[in-house]
Amino acid sequence: MKQTKIEQIRNIGIMAHIDAGKTTVTERILYYTGRSHKIGEVHDGEATMDWMTDEQERGITITSAVTTCHWNKKQIQIIDTPGHVDFTIEVERSLRVLDGAIGVFCAVGGVQPQSETVWRQADKYKVPRIAFINKLDRTGANFFTAVTAIREKLGANPVPVQIPVGAEDEFLGVINLITMEMIAWNDESLGAEYETGPIPESMMDEAETWRDAMIEALSDVDEAIMEAYLAEEPVTNEQITTALRKGTIDLSIVPVLCGTALRNKGIQPLLNAICDYLPSPIDIDSAHGIDPKTGEAITFEQRAKEPLSALVFKVSMIEGRKLSFARIYSGKLIAGSEVYNPLLEKKEKLSRILQMHANRKERVEEAGPGSIVGIVGLKDTSTGDTLCTMDHPVILERIDTYEPVISIAVEPKTHADQDKLEEVLKKFTTEDPTLKVRTDEDTGQTILSGMGELHLEIIISRMQREFHTDVNVGKPQVVYRESIAEKTKGTGTFDREMAGQTHFGKVSIALTPMGLGEGNRFVSALAEEALPANHLAAIEKGVMDALDSGTLLGYPVVDVEATVTEIGTREGQSTDLAFSISASMAMREALSNGAPFLLEPMMAVEVFVPDDFMGEVIGDLNSRGGKIEAINPNAGIQEIHAAVPLSRMFGYSTSIRSATQGRGNFTMKFSHFDRAADK
């Protein structure tokens, strides 16, 4: 396969709130670039990128999918990400390796909760973005309200480069503010053909006003445009395009385009914008990492002649086989060669390198900087690991993960399922860092913990469909935390003979409660000479191990400061083991005496409900222990913001449907842990 020059590559993600139209936009991009020869519709369960059975049945994206297409001599590598908050890790790890992104917004809903979440994730990784206002054909669509919401809710600087002609069922096309032409699409060709023509006279004043606003915004990022603007001289189209690219890449502006993907309008200009405004790999920062031996910072230019550095950002189990997705930052990956994983200090062999198109694969012999590829053959490497060479070891920045908030108990239905269950769960946890598995010591049950009800529901469904493993499932359980309300002390003494040696250690610890969300802290009040460093490390390990399981219900303990106040030693008998165990004993005593209490996960809930049903919905939220934080009216729809305990939100989707005759909907995401109300 011919290698694409790195300057011609665009690595982009498509991100948004659920049901804003991300996958529909992606399907049109694939169709108009010739990558697919049929438009797959989400509502028909035929979307190319939603290839999993659960995705097709539910009409949602669950796992991020990678594909490659070409437009205007550019190679566009696309990751279509999920919009549901339960799968936010898929967005997080995709944004970590992308150079640019398209934020898709519904022209009716504007900036919705999950679109705000993914926008903040893109801010964290400094990813340049284009905004696409979709669904302009929908009743209640308003392009300008959506642009205002992007500015006010996201703190971005949206710069429209198009405005719509008409709206709702009278949406006809768009006006290109750079060339000052109207673009209209041919419905008979499924939008593949379009015409440019003069702007309708009735819209000329509005178009000129918005073009002036665009040039004024660009004058802040380009001196030549600033001079022309102040001198009231004409600005060329090339100057505008150059300034838009510069402002997008340095994150000072967000170009805004519009259309309706489902009606096949607006996609070709979006493709042009991807090529013109979003960066190639060499337009952004080089690969930064650290030397695993010295801890010193290392920088590799994104060139094939540099040493290899690649980040594995996702692991999938497709047809039972492990497929690793990697972004190459420098050097080359060559099929059949060996690579080095510095975190595991292991060599791994690349059996095959694949260019991906959703779940379809094309073998390639090598891949260079800027490429996003699938790799077969990595046995131990997992999400967030770096691939490099032994001669030039480097560890790239890892990917943040999230703590689960909800659990279910599962047990195999038959002996045959028992044998498969452990192996299947191991595959799932390899693939998904937000899924945790443990065995309950009291009941012997296997406990799965995840990001939400849908997350765990999908895991159970995949277990049955893909791996033919049937399980009985218990009711969802909330994952709590524990803390203490009072200052307390504890002392532990360990004095025992083991394997012919006496181990002795005595530790006294003072526990102090900290503020909510401050985490745990370990402190020593002893003089350095009073306790060797290795013994102090053993005590700290004992303390932290004890915090993994509280004295109330065995949940992790948070927001406490543990201070070592006193130790007891014996010549020749004080060992690391003794200090670690005595520290754990001291912690158990202190935790029991500190007025322990439960912390429960609080969810940030946003409910969208017609005016007629608002009173009933607010009453229901109050009955669930929710606190109403804000109510925002929005074109006949009330947007209710509330904080509600997760334990009271099970089954809420059914309740809101019945309370609003199916017209209300909601989203929720984890907000924080707060003291649980007494049951």
Side-chain angles (χ1 to χ4, degrees), residues 17-19 83-88 109-118 120 149 153 402-408 434 449-457 475-483 485 515-517 552-553 555 558-559 597-679:
H17 185 86
I18 191 168
D19 205 32
H84 197 286
V85 68
D86 282 14
F87 309 107
T88 194
V111 175
Q112 295 166 287
Q114 184 62 3
S115 50
E116 196 168 344
T117 300
V118 297
R120 303 289 177 229
K153 289 190 176 183
Y402 297 86
E403 285 302 311
V405 295
I406 186 170
S407 296
I408 54 173
T434 61
S449 301
M451 300 301 295
E453 285 185 271
L454 180 62
H455 183 201
L456 295 176
E457 198 180 305
K475 288 184 179 179
Q477 300 291 321
V478 176
V479 178
Y480 291 92
R481 296 287 185 269
E482 297 183 21
S483 194
L516 286 176
L552 271 180
L553 295 174
Y555 291 106
V558 295
D559 304 330
F597 61 87
L598 281 180
L599 290 161
E600 64 180 338
M602 301 294 291
M603 309 303 286
V605 179
E606 298 200 14
V607 185
F608 302 87
V609 60
D611 296 345
D612 301 348
F613 303 103
M614 188 173 76
E616 194 168 345
V617 169
I618 288 176
D620 183 49
L621 288 171
N622 287 332
S623 73
R624 295 171 185 270
K627 296 175 184 174
I628 307 300
E629 296 177 336
I631 300 174
N632 301 324
N634 184 3
I637 298 290
Q638 297 291 337
E639 193 178 302
I640 303 167
H641 297 248
V644 190
L646 174 61
S647 59
R648 308 292 294 277
M649 286 300 290
F650 294 130
Y652 185 64
S653 55
T654 304
S655 297
I656 192 172
R657 276 199 298 269
S658 57
T660 63
Q661 298 174 11
R663 294 169 62 196
N665 61 69
F666 78 102
T667 65
M668 70 174 182
K669 63 181 178 180
F670 172 73
S671 172
H672 63 281
F673 280 96
D674 206 346
R675 187 162 184 164
D678 294 331
K679 306 296 183 195

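The first residue in the sequence is number 1, and the count goes up from there.
- Within the 4.5 Å cutoff, the side chain of Met603 has heavy atoms near those of the Phe670 side chain.
- In this structure the side chain of Leu621 reaches within 4.5 angstrom of the side chain of Tyr652, judged on heavy atoms.
- To the nearest 0.5 Å, atom CZ of residue Phe608 and atom CD1 of residue Ile656 are 10.0 Å apart.
- Nearest heavy atom pair, residue Ala643 against residue Glu629, reads CB-OE2, 3.5 Å.
- Side-chain contact check for Met649 versus Val605: some heavy-atom pair is nearer than 4.5 Å.
- Nearest heavy-atom pair, Pro645 versus Gly625, reported as atom, atom and distance to 0.1 Å: CD-O, 3.6 Å.
- Using a 4.5 Å cut-off on side-chain heavy atoms (C-beta onward), Met614 and Ile631 make contact.
- The two atoms that bring Ser655 and Asp620 nearest to each other are CB-OD2, 4.4 Å, heavy atoms only.
- Taking CG of Leu598 as the start and CG of Leu552 as the end, the distance is 5.5 Å to the nearest 0.5 Å.
- At most 12 non-hydrogen atoms from other residues, nucleotides or ligands lie less than 6.0 angstrom from CD of Glu616.
- Between Glu606 and Lys153, none of the side-chain N atoms (NZ, or NE/NH1/NH2) sits under 4.0 Å from a carboxylate O, so this pair counts as no salt bridge.
- Closest approach of Leu516 to Asp559, counting heavy atoms only: CA-OD2, 3.5 Å.
- Judged by distance alone, with hydrogens and angles left aside, the side-chain atoms of Glu482 form a donor-acceptor pair with the main-chain N or O of Tyr555 at under 3.5 Å.
- Side-chain atoms of Met602 and Val644, non-hydrogen and from C-beta on, never get closer than 4.5 Å to each other.
- Not a single donor-acceptor pair under 3.5 Å links the side chain of Arg481 to the backbone N or O of Leu599.
- In this structure the side chain of Tyr480 reaches within 4.5 angstrom of the side chain of Glu600, judged on heavy atoms.
- Residues Ser449 and Leu456 share a closest heavy-atom pair of C-CD2, 4.0 Å.
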